[in-house]
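Written below as structure tokens is the structure these notes are about.
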2 protein chains.
Amino acid sequence: MPSTSSAPSAPPSAASPYEPRWLDEEEMAAWRSFVTASNLLNRRLERQLKEDSGLSHTQYEILVHLSAAPAGSLRMTELADKLVTSKSGLTYQVTQLEKMGLVGRRSCPSDVRGVFAELTDQGRELLREAAPGHVALVRELLIDVLSREQLAVLADGLGQVSARLRLDDAL
Amino acid sequence: MPSTSSAPSAPPSAASPYEPRWLDEEEMAAWRSFVTASNLLNRRLERQLKEDSGLSHTQYEILVHLSAAPAGSLRMTELADKLVTSKSGLTYQVTQLEKMGLVGRRSCPSDVRGVFAELTDQGRELLREAAPGHVALVRELLIDVLSREQLAVLADGLGQVSARLRLDDAL
DNA sequence: AGTCGAGAGTTCAAATTTGAACTACTTGCC
DNA sequence: GGCAAGTAGTTCAAATTTGAACTCTCGACT
């Protein structure tokens with residue numbers, strides 16, 4: 001009896017109005033490995049970043065997104081979107097980063113309600129220091145484990161999945 | 001200038017002793033889509049499960065793993081491993097589930113230190129109710145978005161990634 | 001037997017995350 | 001102009017997560 005993660009082990013003929021389409025072995029394996037890899041990877045990156053730079057993965061990603069943005073700054077909402085996190089969660093983390101001197105807040109000229117999070121020089125510098133180690137680990141644990149083709153499929157497939165999810169959310 | 005998530009936007013010729021191998025566009029895309037899809041998916045599943053069954057994704061997975069285990073029971077440590085979570089985190093969640101009457105604790109006969117988490121009838125029942133909706137959503141958002149080949153690659157590739165991570169952790 | 005390092009779970013305090021409520025501002029439209 | 005509906009961010013309380021410290025037990029070895 002296959003050990004599944006999304007269904008009780010042996011779907012009995014019972015309970016729900018329409019018999020759902022359970023996941024077959026391959027589908028189950030894909031889903032399982034996705035969840036597991038994601039969790040394991042997160043734990044590892046979290047640990048490494050905290051040890052090497054004192055940043056959480058979330059904080060690191062905030063810096064990255066800001067550094068990639070036009071003036072090293074992004075509106076809070078836009079940033080929250082890119083990070084896929086809650087607005088309140090972002091408010092919290094930006095405050096933390098502000099205390100650390102890595103990020104600043106400026107108010108938006110065109111919209112009084114708006115707030116820009118902005119990378120400080122110190123933030124840029126810390127990111128510069130933190131990036132190599134982080135990238136190296138991502139490479140070691142994920143990128144270099146997969147072939148070029150596998151990477152392409154990952155990018156493609158999960159890109160579609162993300163796109164679909166973003167659409168749904170926008171409803 | 002490519003927007004990367006693991007490196008500052010334009011890797012300047014600076015800072016670290018050995019110039020790291022940055023991620024090229026494809027690699028970056030793969031990594032980005034993985035992280036994003038994972039976050040989006042988690043948020044969605046979390047929401048759905050909570051609404052439909054009052055369970056968090058973590059709690060749901062605990063029930064699943066237990067239901068798939070020999071006597072509907074697993075040692076705490078083993079369960080924590082499967083879930084990829086901290087021991088203390090598991091202690092907390094098992095206590096929650098216990099309060100809800102979905103899981104029980106039995107002590108291990110052969111090892112006084114050991115504790116089994118065990119699915120109750122009520123737990124089995126709730127899982128039976130929760131599973132169809134959850135599976136349907138996983139299918140809709142991930143499985144059915146990908147082709148059979150893409151799924152195979154996912155399972156394979158991420159399986160390897162997980163295996164590697166598990167090995168490393170065991171060091 | 002006696003001891004010492006490792007393992008199993010729990011407890012604890014601190015950090016994080018989240019949704020809901022709230023404030024203040026914008027916008028589209030009469 | 002003036003309003004209703006929607007937006008941007010923050011605040012707040014509650015739930016969760018984590019690592020470190022701690023307790024107790026196992027096991028191997030002397």
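Note that these values count all heavy atoms, side chains included, but never hydrogens, waters or copies made by symmetry. Below, chains carry the letters A, B, ... as their sequence lines are ordered, and counting in each starts from 1.
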Identify, with sequence neighbours excluded, every residue that meets side chain to side chain donor-acceptor pair (under 3.5 Å) alongside A:Asp52.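 A:Asp52: side chain to side chain donor-acceptor pair (under 3.5 Å) contacts with A:Gln48.
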Below 4.0 angstrom, which residues in residues 86-103 of chain B have at least one non-hydrogen atom near DNA chain D? B:Ser86, B:Ser88, B:Gly89, B:Tyr92, B:Gln93, B:Gln96
With a 4.0 angstrom cut-off to heavy atoms of chain B, pull out the first and last contacting nucleotide of DNA chain D, in 5'-to-3' order.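 Listed 5' to 3', the contact boundaries are D:dA15 to D:dC26.
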Inspect the contact between A:Arg32 and A:Glu25 and indicate whether a charged nitrogen and a carboxylate oxygen are less than 4.0 angstrom apart. no
For B:Glu46, salt bridge (charged side-chain N to carboxylate O under 4.0 Å, His left out) partners two or more places apart: B:Lys50
Remember a base hit wins even if backbone is also touched, and classify [X] as base, sugar-phosphate or nothing at under 4.0 Å, heavy atoms.
X: A:Ser56; result: nothing
X: B:Thr85; result: sugar-phosphate
X: B:Arg47; result: nothing

Between C:dC25, C:dG9, C:dT10, spot the one nearest the side chain of B:Arg75, thanks. C:dG9
Residue closer to the 5' end of DNA chain C, A:Ser110 versus A:Gln59 (nearest nucleotide):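 Nearer the 5' end of the strand: A:Gln59.
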Please figure out whether A:Arg113 or B:Arg43 has its closest DNA chain C nucleotide nearer the 5' end.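 This one resolves to B:Arg43.
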When clusters are formed from ILVMFWY side-chain contacts under 4.5 Å, directly or step by step, what else is grouped with B:Val153? A:Val153
Output every pair passing salt bridge (Lys or Arg N to Asp or Glu O under 4.0 Å) with a member in residues 87-105 of chain A, not counting sequence neighbours, ordered by first then second residue.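 As it turns out, the salt bridge (Lys or Arg N to Asp or Glu O under 4.0 Å) pairs with a partner in residues 87-105 of chain A, which skip direct neighbours, are A:Glu98-A:Arg105.
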For residues 141-149 of chain A, please give each side-chain donor-acceptor pair under 3.5 Å, one per line with the distance, not counting sequence neighbours.
residue	atom	partner	partner atom	Å
A:Asp144	OD1	A:Arg139	NH1	3.0
A:Ser147	OG	A:Glu149	N	3.4
A:Ser147	OG	A:Glu149	OE1	3.3
A:Ser147	OG	A:Gln150	N	3.1
A:Arg148	NH1	B:Asp24	OD2	3.3
A:Arg148	NH1	B:Glu27	OE2	3.2
A:Arg148	NH2	B:Asp24	OD1	3.2
A:Arg148	NH2	B:Asp24	OD2	2.5

With side chain to side chain donor-acceptor pair (under 3.5 Å) as the rule and sequence neighbours excluded, what pairs involving residues 111-121 of chain B come up? B:Arg106-B:Glu118, B:Asp111-B:Arg113
Just grab all the ring-ring contact (aromatic ring centres under 6.0 Å, His included) pairs involving residues 141-160 of chain B, residues at least two apart or on different chains.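 Counting only pairs at least two positions apart or across chains, no ring-ring contact (aromatic ring centres under 6.0 Å, His included) contact touches residues 141-160 of chain B.
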